[in-house]
Amino acid sequence: MAEQGLRETSYSTTMTDALDSLVLTLDSLLTSLKAAIPAGDQWRSVEACAKQIADGLRTKNGPAKPELSITKVDNHSQLGKSTLPETLNGLLRVATRREDDGAGYGKPTSPASAAATYELLRVGANLCMDHDGNRQRLLEVGYTESVLSILEAYWEGVSGSSETEASASTATLNDLKLVKTAVGVLLNASMGYEPVRISLVTAGAPLTILSLSCRLYSPGAWASATSDDALEQWGWRSGLSTWSWRALDTLKGGDEDDPHEEGTAERSSRQHSIFDAAATSSLIGSLRSFVPPHSPAVASSAFSKADRQKLVISDVEVLEETSMLLESLTLDSVDVRRKIAAGSISSPTPTAQNPFPPPPLLTSLLDFIEKGAPPTYWDSCTDSEAERKRWNKSFGICKAAVIKAVVELAGEDKNMDVLWDSQVGSYPGGPFVERMVGWIKNTKVEGGEEAGNEQDKGRDDLIICAALSLGNLARRPSYCIALLAPPISLTQHFMPLLNAKTDIKLKHGCIGLLKHVAQPPPNKVILGDAGLVEALVASRIWTKESDMGEPVQFGAVGVVKHLSYEYLPNALRLVKSQSSLEGDSALDLILDLVRRSDSIGLQSEGTRVLVNVVKCLFSSTSKRPNGAEPAVNSSAGSSTELSIRTTDLTSSRERQQAIDRLATLDSVELLTDMVGRSGRYPILLNEGVVALTLLSSASAGRTCALQALLSPLPYALTQSGAIQTAPPVGHTQISTVPAAQHLDDKTVPSTARTSSPLDMLVAILRNLNNSFPPELGANVCIFLASLTPPMTDANQEEFSKVRVATKGALESVAAGLSGRSFADGPPKVVQAAAKRTLDVWASFPHGKGVNAIGNATQMRK
């Protein structure tokens with residue numbers, strides 16, 4: 001009877017009067033409920049009254065009906081200014097008040113109050129729809145806080161149950177309706193409105209919404225539903241999931257189209273993650289739904305094909321959102337990386353309270369990567385082949401995101417001792433390492449000779465994940481050595497992965513791991529003897545056809561750089577002609593790559609391979625990589641000394657042939673180019689100077705060095721399009737001008753005075769800003785002395801130009817006048833080296849040139 005009266009009111013007065021009357025009715029009901037007066041049908045009256053208000057607010061303005069004298073009004077603004085927001089919040093608190101302890105608020109206390117709460121939530125959701133004023137009012141009266149409390153109470157009710165129990169039976173249909181509507185309230189209230197968004201994020205709403213959604217909508221669980229209300233139940237569950245992800249996206253904030261954004265700085269300050277490590281359990285729990293066995297194999301007949309199609313779309317949405325969010329959190333948060341790795345992959349022990357504990361988080365991720373697959377019933381849920389392909393493609397993208405997450409957490413420093421656990425079992429590294437090694441050893445390569453039919457095709461993704469993960473872990477020499485030593489013995493499994501037909505992403509993973517394991521001295525021998533240099537050549541990774549994969553080329557260059565460091569056999573392998581290259585060598589391929597690359601990093605890395613090879617060829621200790629003192633250290637700050645041993649030049653015909661092959665203008669120019677462009681990197685400068693000095697001890701090398709020093713550096717374009725030569729730390733005209741013109745670091749060199757490698761040598765000697773270590777200055781002096789030609793040498797003119805261009809700087813250093821940053825002049829080591837160089841030059845052209853100083857001069861590392 002009361003409900004009939006409420007309906008009649010809307011036709012007897014204006015729409016505004018009707019809604020105002022409904023608000024007054026709610027006010028009266030709230031007063032009665034607060035006083036605990038026995039009301040009988042009071043909650044049903046609240047439900048009926050709130051339903052009419054919610055229905056009236058579904059449109060922005062009340063409809064105009066002239067025949068009933070009803071004018072068009074803004075119902076939302078009118079009601080927002082009334083007592084409705086306070087009344088809504090008060091009724092919610094009464095409906096959810098915990099009677100047991102009187103503290104706080106929970107779920108509705110009765111079926112009648114639950115039905116009323118559902119309608120009260122509808123009113124709030126519609127009231128703040130596209131209305132900032134009402135959003136602020138609901139925030140001020142605590143309505144959004146009350147709604148969040150309801151969601152938190154529902155989460156408490158299902159969080160203690162297993163995932164299957166919560167999804168299948170714990171939540172009733174009425175519960176699902178209420179939870180979905182509550183999420184809708186928070187979505188509408190926060191959409192584009194920062195005060196509400198910030199309040200909800202601060203109160204922990206994102207985690208509550210995520211956890212509740214993931215628990216109440218378990219992907220694929222609908223396929224086994226057989227109850228009479230299965231269709232309606234899963235329709236609400238699916239809608240809850242969709243609204244939850246929309247709400248979470250809104251709560252992230254930072255929308256560039258948001259009219260409330262005040263500027264880039266403010267937007268950037270809010271781009272922090274709204275989740276912490278606590279979110280990982282819910283995210284990974286959703287991924288477990290996609291790991292076989294899928295139950296059932298055929299979807300329930302309770303759903304039509306159109307319904308099944310909609311539910312699969314919801315499943316795919318959950319998969320996409322969880323995997324992408326997991327990847328993002330893993331990349332951004334140390335705590336997330338540590339939590340996932342905690343406990344590694346050891347199975348938990350069942351207890352009486354939890355007889356079926358979920359597997360560790362990391363185990364679940366690895367299971368998803370290895371075994372996860374689209375359920376077989378997906379194919380029967382649509383008639384569109386394009387949609388099937390879209391679902392399968394999305395699954396592959398999501399698996400790739402999870403692989404990135406695993407690789408990232410393996411690279412976390414604080415996870416190293418957790419994931420490489422030598423104390424667990426007898427397998428080196430523990431269960432995680434064992435599983436990664438198993439993926440490399442036992443997985444077939446796509447398109448490889450071992451791959452069979454479609455059902456037995458290769459799994460490159462497993463090998464990529466394992467190689468990159470082990471590469472991130474193998475940052476200690478002992479770990480690297482263990483990967484090649486028994487029982488792991490990975491060496492023989494690397495070579496097939498470098499096949500020319502292998503996918504570039506797989507090569508990238510394999511080479512990434514090899515860059516680490518190639519560094520310990522014992523591994524240089526193992527990998528070199530196993531034919532790694534030859535395998536890299538056969539992979540054609542350094543040829544022009546592979547230039548699109550520059551990061552992989554860079555990694556492969558890094559591998560052989562480590563292999564050739566202080567180990568002569570590998571250096572000789574790099575210089576040796578390859579029959580498959582028609583007489584060219586691996587080093588030839590690398591140097592050709594350096595010449596055609598625009599990447600400064602790749603140019604420097606490739607040239608450092610040449611440096612390592614040169615130092616090995618001129619060293620008498622590089623045959624023993626396990627513990628021998630280095631022949632030449634690339635560290636410019638080291639004080640260890642190296643004697644240039646000319647007797648080594650004739651100790652081996654193979655060594656001499658390699659030296660002759662490298663003492664060419666092409667090779668020397670790459671070294672001088674590196675010196676000329678590396679003003680900010682003393683280590684590169686020192687390596688280049690040392691290699692040039694060693695090559696200059698041979699007549700052909702000295703001739704090439706003189707020519708290269710006098711040649712202008714090649715021009716290059718910066719990203720802004722400006723012309724760039726060598727780093728402008730100091731410039732000298734290459735003619736007969738004896739003095740060097742110094743420019744500070746911010747000065748752009750004039751194109752009329754082209755920079756050359758000689759400019760850098762002068763800048764190092766003058767060292768006006770104290771940018772270079774003393775050992776580098778001493779080595780430059782030794783290099784200049786080594787350029788002194790014999791009396792009959794044909795390059796006396798070139799040498800004279802070099803001497804004229806650098807003599808002034810040498811004399812200043814020798815006299816103790818250079819280096820304004822030094823209180824007492826240049827360091828003694830540089831001053832002594834400069835004096836010795838000037839002494840050698842003083843005998844020119846009557847002296848014996850380089851041989852007169854070859855055995856007396858020592859180079860500093």
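Since we're looking at a predicted model, the values are computed, not measured.
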Side chains of Asp276 and Ser333: does their closest heavy-atom pair fall under 4.5 Å?
no
Would Phe290 and Lys399 count as a side-chain contact (heavy atoms from CB on, under 4.5 Å) here? Give the steps.
CA-CA 11 Å; Phe290 296 95; Lys399 186 171 287 191; over 6 Å; no
Classify the side-chain pair Ser364/Arg288 by whether it contains a donor and acceptor separated by less than 3.5 Å.
yes
Taking every non-hydrogen atom, the tightest pair across Leu483 and Val517:
CD1-CG1, 3.8 Å
Could you walk me through whether Cys480 and Gln519 pass the side-chain contact (heavy atoms from CB on, under 4.5 Å) test, one step at a time?
CA-CA 8 Å; Cys480 295; Gln519 296 184 44; 6.0 Å; no
Quick check: do Glu327 and Val402 have side-chain heavy atoms less than 4.5 Å from each other?
no
Nearest heavy-atom pair of Phe494 and Cys510: which atoms, and what distance?
CD2-SG, 3.7 Å
Can a donor-acceptor pair be found, under 3.5 Å and without considering hydrogens, that links the side chain of Ser224 to the backbone of Ala221?
yes
Rounded distance (nearest 0.5 Å) linking atom CD1 of Ile440 with atom CG of Leu497:
7.5 Å
Measure the OG-NZ distance between Ser281 and Lys339 for me, rounded to the nearest 0.5 Å.
4.0 Å
Test item: Lys441 and Leu490 side chains (from C-beta on) under 4.5 Å apart, heavy atoms
yes
Smallest heavy-atom separation, Leu151 atom then Ala182 atom, equals CD2-CB, 3.7 Å
Hey, is the main chain of Phe303 close enough, under 3.5 Å, to the side chain of Arg308 for a donor-acceptor pair?
yes
Any donor-acceptor N/O pair, Lys507 side chain to Ser539 backbone, under 3.5 Å:
yes
Drop me the distance from Trp378's CH2 to Ile313's CD1, to the nearest 0.5 angstrom.
10.5 Å
Got Tyr427 and Val437 here, is their nearest side-chain heavy-atom distance under 4.5 Å?
yes
Stacked cation flag Arg388 on Trp391, 6.0 angstrom / 45 deg:
no
Are the side chain of Arg337 and the backbone N or O of Leu331 linked by a donor-acceptor pair below 3.5 Å?
yes
Side-chain donor-acceptor pair under 3.5 Å between Glu408 and Thr330, yes or no?
no
Looking at the rings of Trp234 and Tyr217, which for Trp means the six-membered one, are their centres under 6.0 Å apart?
yes
CZ/Arg476: more than 12 non-hydrogen atoms of other groups inside 6.0 Å
yes
Please walk me through it: do Lys305 and Asp383 pass salt bridge (charged side-chain N to carboxylate O under 4.0 Å, His left out)?
CA-CA 9 Å; Lys305 177 173 286 189; Asp383 294 325; 2.8 Å; yes
Is Leu326 close to Leu287 at the side-chain level, that is, under 4.5 Å between some pair of heavy atoms?
yes
Would one find more than 12 heavy atoms of other residues, nucleotides or ligands at under 6.0 Å from atom NE2 of His508?
no
Side chains of Glu320 and Ser394 only: does a donor on one sit below 3.5 Å from an acceptor on the other?
yes
Pairwise distance CG(Asn392) to CZ(Arg390) - rounded to 0.5 angstrom
11.0 Å
For the OG atom of Ser213 and the CG atom of Leu240, what is their distance to the nearest 0.5 Å?
5.0 Å
So which heavy atom on Ile369 is nearest to which on Asp461, and how close?
O-OD2, 4.1 Å
So, does Asn188 use its side chain to make a donor-acceptor pair with the main chain of Ala125 at under 3.5 Å?
yes
With a 3.5 Å cut-off and no angle check, do the side chains of Ser304 and Asp307 form a donor-acceptor pair?
yes
Quick check: do Val433 and Trp420 have side-chain heavy atoms less than 4.5 Å from each other?
yes
Looking at every non-hydrogen atom in both residues, tell me the closest pair between Ala556 and Ile511 and how far apart they are.
N-CG2, 3.3 Å
Can you name the closest pair of heavy atoms from Ala410 and Leu419 and give their distance?
CA-CD1, 3.7 Å
Using a strict cut-off of less than 4.0 Å between a Lys/Arg side-chain nitrogen and an Asp/Glu carboxylate oxygen, indicate whether Arg435 and Asp367 qualify as a salt bridge.
yes
Examine distances only and state if a side-chain atom of Arg197 and a backbone atom of Thr250 form a donor-acceptor pair shorter than 3.5 Å.
no
side-chain contact (heavy atoms from CB on, under 4.5 Å) between Trp155 and Leu207, intermediate numbers included
CA-CA 10 Å; Trp155 167 240; Leu207 181 60; over 6 Å; no
Pick from Ile541, Leu532, Leu506: which one makes a side-chain contact (heavy atoms from CB on, under 4.5 Å) with Leu498?
Leu532
Return yes if some donor-acceptor pair links the side-chain N/O of Asp315 with the main-chain N/O of Gly220 below 3.5 Å, else return no.
yes
Between the main-chain N or O of Val407 and the side-chain N or O of Asn472, is there a donor-acceptor pair closer than 3.5 Å?
yes
Answer yes or no: is there a donor N or O on one side and an acceptor on the other, between the side chain of Ser241 and the main chain of Arg237, under 3.5 Å?
no
A side-chain contact here means heavy atoms from C-beta on lying under 4.5 Å apart; do Met191 and Arg246 qualify?
yes
Step through the shown structure and confirm whether more than 12 heavy atoms of other residues, nucleotides or ligands are within 6.0 Å of NZ on Lys544.
no
Answer yes or no: is there a side-chain heavy-atom contact under 4.5 Å between Trp439 and Leu366?
yes
Give a yes or no on whether the backbone of Thr208 and the side-chain of Ser211 come within a donor-acceptor separation of less than 3.5 Å.
no
Evaluate the ring planes of Trp222 and Tyr377, with Trp represented by its six-membered ring, and classify them as parallel (under 30°), tilted (30 to 60°) or perpendicular (over 60°).
perpendicular
Drop me the distance from Ser323's OG to Ile403's CD1, to the nearest 0.5 angstrom.
11.5 Å
Test log, rule side-chain contact (heavy atoms from CB on, under 4.5 Å), inputs Leu216 and Asp175
CA-CA 10 Å; Leu216 293 179; Asp175 289 335; over 6 Å; no
